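Each remark here refers to the structure printed beneath this line.
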Amino acid sequence: MATACNLAGVAKVPAALGLSTSLSRKRVESSSTSLRVSTRQRGGRRACEPARCDATHPAEDHVEQVDTREFRRTLSRGKNYNRNGYGYKKEMLEQMDVEYTSDLVKTLKENNFEYTWGNVTVKLANSFGFCWGVERAVQIAYEARKQFPEQQLWLTNEIIHNPTVNQRMTDMEIKELSVTENGKDFSPVEKGDVVILPAFGASLQEMQILDEKKVQIVDTTCPWVSKVWNTVEKHRKNIYTSVIHGKYAHEETVATASFAGKYIIAKNIKEATYICDYILGGKLDGSSGTKEEFLEKFKYAISKAFDPDRDLEKVGIANQTTMLKGETEEIGKLLERTMMQKYGVENATDHFMSFNTICDATQERQDAMYKLVDDKVDLVLVVGGWNSSNTSHLQEIAELKSIPSYWIDTPERMLSGKRIAFKLNHGEYVEKDNWLPEGPITVGITSGASTPDKVVEDVLKRLFQFKREEVLALL
Ligand code: SF4
């Protein structure tokens, strides 16, 4: 999901809007130039006024005063809200089948995920591509278009992180809200419009804006993501700080943070170790420093007024659903051990809370990738949007194994049989020569949870073409 963060379709506005301290005190005015939100925070300080304001925190501490669960419940019962589609599921899935599936991938599946074409043997990961949450989101978006043929349809973000599917949304005249230097611009959205929330959800503040604007909300948020929101709401209710394993600028994590109370976002085990070392006063590995250094290090990844001396006494683990699942588990165990060490084994449950929020689809795709890289392959192609977090972790698994691996979002990244342009898991763009070995080869291939099989097919066809050209050149 770039460093990991900028890769991840950055949501600049969301939680940082600081829009409301309580729903009842919020006043939203629409003007021809921009939506403006006027609200007061505790202590009478005025929150950032324009709805498009920028900020440093993924979410503000105003959520302490908002019953986010109740807000979501009320919203979901309203007549302007839909999260189940409009009764066209079968028809839309058939249409998606035509647009996104692949005969070539079907052949691979029918042959135990391995097949040889000419001098290329392809091994396909046994779990790959569209997850059900993504398929469901795209299907509901298609249904919304059919249900509202005349209305303006908006997306608060890319429906999923895949250029092919997003282009399809554009073709259906479903527009994405633009992001200016001040954040997301809701000003063009008018009463009566239809606004689709993507598979990875939307922040509380965005939902509040849309609710106030009285638009039709079509919520495609994956239930796994909602499950994480429920978890951080439980943390908040029990006055635990949420430690979120994720990337602070990723839309899903921005949304999750907006439903949390106190929170800190750790992008990997290294950052989590730093946090635990701080909790233990430097007695874990000595990696942490002073309070000021702590606050500087996590300045974009903590709730407002976060105090590490006060807010790390009781913690709960949550995650961005697409993170490396082994790492989320490791962070959870580290936090638990830290609390045991600090407060005694018998008191650990008073200081640490854990729920399983790792999404099955992420888990299955990562497990399949571990298996694929253990197999004998000459190289691995990882197919998926360059802003897709789950795809970046598939690439990471191959890199950890030191297998030549190329994360590409379209077939055209294979510039020729001699040169390829790809990304590394942290988002660095690389071009490489002589990437394709000569002679018979075995290629491993997988695709991220938001990648249609059709894109995998197009990648393979281009690969076959290069290998055919190689043979012809020898004649
Ligand atoms: S990867 Fe998991 S959480 Fe994300 S959309 Fe798919 S099923 Fe849902």
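Order of listing sets the numbers, starting from 1, for every ligand and every atom in it. All figures in this text were calculated on a predicted structure; none of them were measured in a lab.
- Here Cys359 fails the criterion, with no N, O or S atom under 2.8 Å of atom 6 (Fe) of ligand 1.
- A pairwise comparison of heavy atoms in Arg365 and Ser127 identifies NH1-OG, 3.4 Å as the closest pair.
- Counting only non-hydrogen atoms, the option in Thr321, Thr362, Ile358 that gets closest to atom 3 (S) of ligand 1 is Thr321.
- When all heavy atoms of Ala260 and Ser242 are compared, the closest pair comes out as CB-OG, 4.1 Å.
- Heavy-atom contacts of Trp224 reach the following atoms of ligand 1: 3 (S), 7 (S) (cutoff under 4.0 Å).
- With a cut-off of 2.8 Å, atom 8 (Fe) of ligand 1 has an N, O or S atom of Cys222 in range.
- Heavy atoms from other residues, nucleotides or ligands lying under 6.0 Å from CZ of Arg83 number 12 at most.
- Using a 4.0 Å cut-off between a side-chain N of Lys or Arg and a carboxylate O of Asp or Glu, Glu329 and Lys333 do not qualify as a salt bridge.
- With ligand atoms numbered from 1 in the order given, ligand 1 contributes 1 (S), 5 (S), 6 (Fe), 7 (S) to contacts under 4.0 Å with heavy atoms of Cys131.
- For Ile239, the CD1 atom counts as loosely surrounded, since its 6.0 Å shell holds 12 or fewer non-hydrogen atoms of other residues, nucleotides or ligands.
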